[in-house]
Amino acid sequence: MSIVDPRTGEPLAVDTASGDSPDPTSSRPDAEVIIDVDRDNIQQLLELSMQVPVLLDCWAPWCEPCKNLMPVLEKLAREYQGTFILAKLNIDENQEIAAQLGVRSVPDVKLISQGGLVDHFQGALPEKQIREWLGRYIPAPEDVPPSPEEQAAEALATGDAATARALYEQLVQQNPQHSPYQVELARALVAEGKAEDAKALLDNLPPEERDAAPARGVRASIEFGEEAPSAAELAALAGRDDSEARFKRALRQVADGDYEAGLESLLALMKADRAYGDDAARKTLLRVFDALGADHPLTVTYRRKLFAQLY
C-alpha cells in the first residue's frame, strides 16, 4: 500500500536520486525519534521511510486507548534509539490522510518502509505484544531493560508477591481491556494471601476469559489453599503413611507452591492406591496442571509421566 498525497490524490513519489531529503524532525521535542505528521510533511515522511522504518501512530484526542498506547510507543521509540521513527497522526486534524490510509478506528499503528505499508495493528496492545510485533521487522536494541510484564513475572516467581501485585495493578490501569493482566493480578493476589480479592477480580472477567484455562488455573490455586490441611492438621498426620495422610500432605505442598514435590507425591499415591478417594490423586494432578498452565515445564513433564503410568 502506498501513501497518497491528500492534496492531489496521487501516490506520493520518492526522489531516490537526491541524497538530501528535507528533515521533518527539525526543531521538535525528541526530534531524532518522534515527530508529528500532517499534510505539510507527509511527503517528507515518505522520503524518510526510504532511510529508516517509520511507525505511524494514528490517534485521536477523544480516544482513551490512544492515550494509553502513545506513552508506550514513545518509550519504545526512545529505547530503540533511531532504529525506527515514531510519527504521530491526529486523524481529527488530518481526515484526508486518515481516509487515504484506510484508518477506520483508532489507535491504528502502521509500519512504513521504503514508501509502502509493511504491516499494522489496531488497538492498545500491551507493551510485550508490541515488542514482539516490532521484533518481526526491526532488531531490538542490546541491553533492553525488562518490560513491566517481565518484571512482574520475575517478582512473582521469586516470591515478591507485593511487587508483582503493584506492577500488575499498574498494567491493568494502563490496559483495562486486556484480561490476561487481570488474571495475573489475581494470581499475585493469591500469592499475597488475598484470595477473596482474587476471586472478585476473576468473577468480573468477561465470560470467555473467566472460563479459560489461565483463570481456571488461578481458581484452582485458591481451591488448593482452601482444601489443604492447616499446620495443626498436618502435625496430627505425622507418622502416618496411609493414603489419606499422603494425599493431604501433597495438597499442602501444592498450596504452598512446592509444585514439583506435590506432583511427585500425587503420582506416587496414584501408583500405590489408584482407588483412593475415587481416583483423587489423578484428578488432583489434572487440577495442578490446570493451575500451572499447559506450557509450564512441570505440566509437560508430569503429564508425560502420568500418561506413561496410565498406559
Heavy-atom pair with the smallest gap, counting every atom of R136 and D119:
NH1-OD2, 3.8 Å
Keeping the roles fixed (side chain from D160, backbone from T163), state whether a donor-acceptor pair exists under 3.5 Å.
yes
With heavy-atom distances below 4.5 Å as the criterion, would you say the side chains of L111 and W133 are in contact?
yes
Could you go through V37 and Q44, starting from their C-alpha distance and side-chain angles, then the distance that decides it, and tell me whether this counts as side-chain contact (heavy atoms from CB on, under 4.5 Å)?
CA-CA 9 Å; V37 180; Q44 296 159 327; over 6 Å; no
Whether T299 side chain and G293 backbone form a donor-acceptor pair below 3.5 Å
yes
Interatomic distance, T284 atom OG1 to L267 atom CG [nearest 0.5 angstrom]
12.5 Å
Name the residue from R252, Q253, R249 that meets the side-chain hydrogen bond (donor to acceptor under 3.5 Å, both in side chains) definition with S265.
Q253
Kindly give the heavy-atom pair with the smallest separation between S179 and P206, and that separation in Å.
OG-CD, 3.7 Å
Would you say CG of D242 has more than 12 non-hydrogen atoms from neighbouring residues, nucleotides or ligands within 6.0 angstrom?
yes
How about W59 and N90: do any of their side-chain heavy atoms sit closer than 4.5 Å?
yes
Keeping Q151 on the side-chain end and P146 on the backbone end, is there a donor-acceptor pair under 3.5 Å?
yes
Verify, without hydrogens or angle tests, whether S49 (side chain) and L46 (backbone) share a donor-acceptor contact under 3.5 angstrom.
yes
pair E96-R39: side-chain heavy atoms closer than 4.5 Å
yes
Kindly work out whether a path of hydrophobic side-chain contacts (I/L/V/M/F/W/Y, heavy atoms less than 4.5 Å apart) joins Y276 to V288.
yes
Any donor and acceptor pair, going by atom type alone, linking the side chain of K283 with main-chain N or O of G277 inside 3.5 Å?
no
Check against side-chain contact (heavy atoms from CB on, under 4.5 Å), I35 and L45:
CA-CA 9 Å; I35 64 174; L45 174 71; 4.1 Å; yes
So F121 and I130, do their side chains get closer than 4.5 Å, heavy atoms only?
yes
Checking the side chain of E233 only, and the main-chain atoms of S230 only, is there a donor and an acceptor separated by less than 3.5 Å?
yes
How close do D57 and P107 get, counting heavy atoms only, and between which atoms?
OD1-CB, 4.4 Å
Which is it for K199 and E226 under the salt bridge (Lys or Arg N to Asp or Glu O under 4.0 Å) test, yes or no, and what are the steps along the way?
CA-CA 13 Å; K199 284 182 184 179; E226 295 171 341; 2.8 Å; yes
Count I, L, V, M, F, W, Y as connected when their side-chain heavy atoms are under 4.5 Å apart, and connections chain through other members. Are M70 and W62 then in the same cluster?
no
CA sep, side-chain torsions, deciding dist, call: D273, F247, side-chain contact (heavy atoms from CB on, under 4.5 Å):
CA-CA 10 Å; D273 187 0; F247 181 69; over 6 Å; no
Find the distance between CG (D241) and CZ (R246) and round it off to the nearest 0.5 Å.
5.5 Å
CG of L286 to CG of L306, rounded to nearest 0.5 Å, is 6.0 Å
Do Q129 side-chain atoms and P126 backbone N/O form a donor-acceptor pair below 3.5 Å?
no
About how many Å separate CZ of R274 and CD of Q309, when rounded to the nearest 0.5 Å?
8.5 Å
Show the nearest heavy-atom pair for residues V33 and A77, with the distance to one decimal.
CG1-O, 3.7 Å
From H120 NE2 over to D108 CG, what is the distance, rounded to the nearest 0.5 angstrom?
6.0 Å
Is there a path of hydrophobic side-chain contacts, each under 4.5 Å between heavy atoms of I, L, V, M, F, W or Y residues, that connects L86 with L69?
yes
Candidate pair Q174 and E127, rule side-chain contact (heavy atoms from CB on, under 4.5 Å), full reasoning
CA-CA 10 Å; Q174 294 171 346; E127 181 178 328; over 6 Å; no
Using a 4.5 Å cut-off on heavy atoms from C-beta on, say whether the side chain of R131 contacts that of E149.
no
Is there a path of hydrophobic side-chain contacts, each under 4.5 Å between heavy atoms, that joins V183 and Y168?
no
Which atoms form the tightest heavy-atom contact between A215 and L205, and what is the distance?
CB-CD1, 4.3 Å
If Ile, Leu, Val, Met, Phe, Trp and Tyr residues are connected whenever their side-chain heavy atoms lie under 4.5 Å apart, and connections chain through other members, are V190 and F224 in the same group?
no
Please tell me if the side chains of N41 and E47 come closer than 4.5 Å, counting only heavy atoms from C-beta onward.
no
Is the closest side-chain heavy-atom distance between Q173 and N68 below 4.5 Å?
no
For residues A152 and A164, report the shortest heavy-atom separation together with the two atoms involved.
O-CB, 3.6 Å
Using the rule given for salt bridge (Lys or Arg N to Asp or Glu O under 4.0 Å), can you reason through R219 versus D290, listing the C-alpha separation, both sets of side-chain angles and the distance that settles it, and then say yes or no?
CA-CA 9 Å; R219 288 189 187 279; D290 220 11; over 6 Å; no
Separation between OH of Y80 and CG of L55, rounded to the nearest 0.5 Å
10.0 Å
Are L285 and L263 close enough that some pair of their side-chain heavy atoms sits under 4.5 Å apart?
yes
In this structure, are over 12 heavy atoms from other groups packed under 6.0 Å from K128 atom NZ?
no
Is there a donor-acceptor contact under 3.5 Å from the side chain of D38 to the main chain of D40?
yes
